[in-house]
Amino acid sequence: MPRGSFHHAPINGASLRAIASVAAALVVVAAIAADAPVAPPAPEPMQASGASIQSGLPDCAVWTDRCVICQRDAGVVSCSNIGVACQPQAMLCLRSEATEEKKRAN
C-alpha cells in the first residue's frame with residue numbers, strides 16, 4: 001500500500017454499539033427538547049396609522065419602539081437617544097394618558 005493512504009478499518013461490534021448509543025442519545029435529547037415549555041406570547045404592540053416614534057401613540061403618555069423611549073408631559077414630547085445597533089420594532093404603549101390624569105386628580 002502506498003505511503004500516506006487511508007486504510008478503512010472493518011466495523012466491529014464495539015463500533016456498532018458506539019454508533020447506536022450516539023443515535024439513541026440524540027433521540028432522547030430531541031424528545032426532551034420537544035417537551036420543553038413554550039413561553040407565552042409577548043403583548044401585542046399598539047400601532048396607530050400615521051404614528052411615529054416622535055409623535056407617539058394617541059392617548060399614550062409613555063411609549064417605546066424598544067430602541068427609544070418617549071414621553072408626553074403637558075403636550076411636550078421628549079425622547080431618549082437611540083442605541084448604536086438597535087433594531088426598532090412596532091411601537092408599544094407603556095403608560096396611557098388616562099393613568100396620568102387620574103394621578104394628577106388625586
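What you see is a predicted model, and the numbers here were worked out from it, not measured in a lab.
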Expected output: side-chain D65 to main-chain V68 donor-acceptor under 3.5 Å: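 Pair found, side chain donor or acceptor close to backbone of V68.
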Atom of L92, atom of L57 and distance for their closest heavy-atom approach: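 Reported closest heavy-atom pair: C-CD1, 4.1 Å.
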Over all atoms of both residues, closest heavy-atom pair of S80 and C67: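 Scanning both residues, the minimum pair turns out to be OG-O, 4.4 Å.
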Please round to the nearest 0.5 Å and tell me the distance separating atom [atom1] of [X] and atom [atom2] of [Y].
{"X": "R95", "Y": "T64", "atom1": "CZ", "atom2": "OG1", "answer": "13.0 Å"}
{"X": "W63", "Y": "C93", "atom1": "CH2", "atom2": "SG", "answer": "8.5 Å"}
{"X": "R66", "Y": "C86", "atom1": "CZ", "atom2": "SG", "answer": "10.0 Å"}
{"X": "E97", "Y": "C60", "atom1": "CD", "atom2": "SG", "answer": "7.5 Å"}

Side-chain heavy atoms of S78 within contact of Q71, under 4.5 Å: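 SC-SC contact between S78 and Q71 confirmed.
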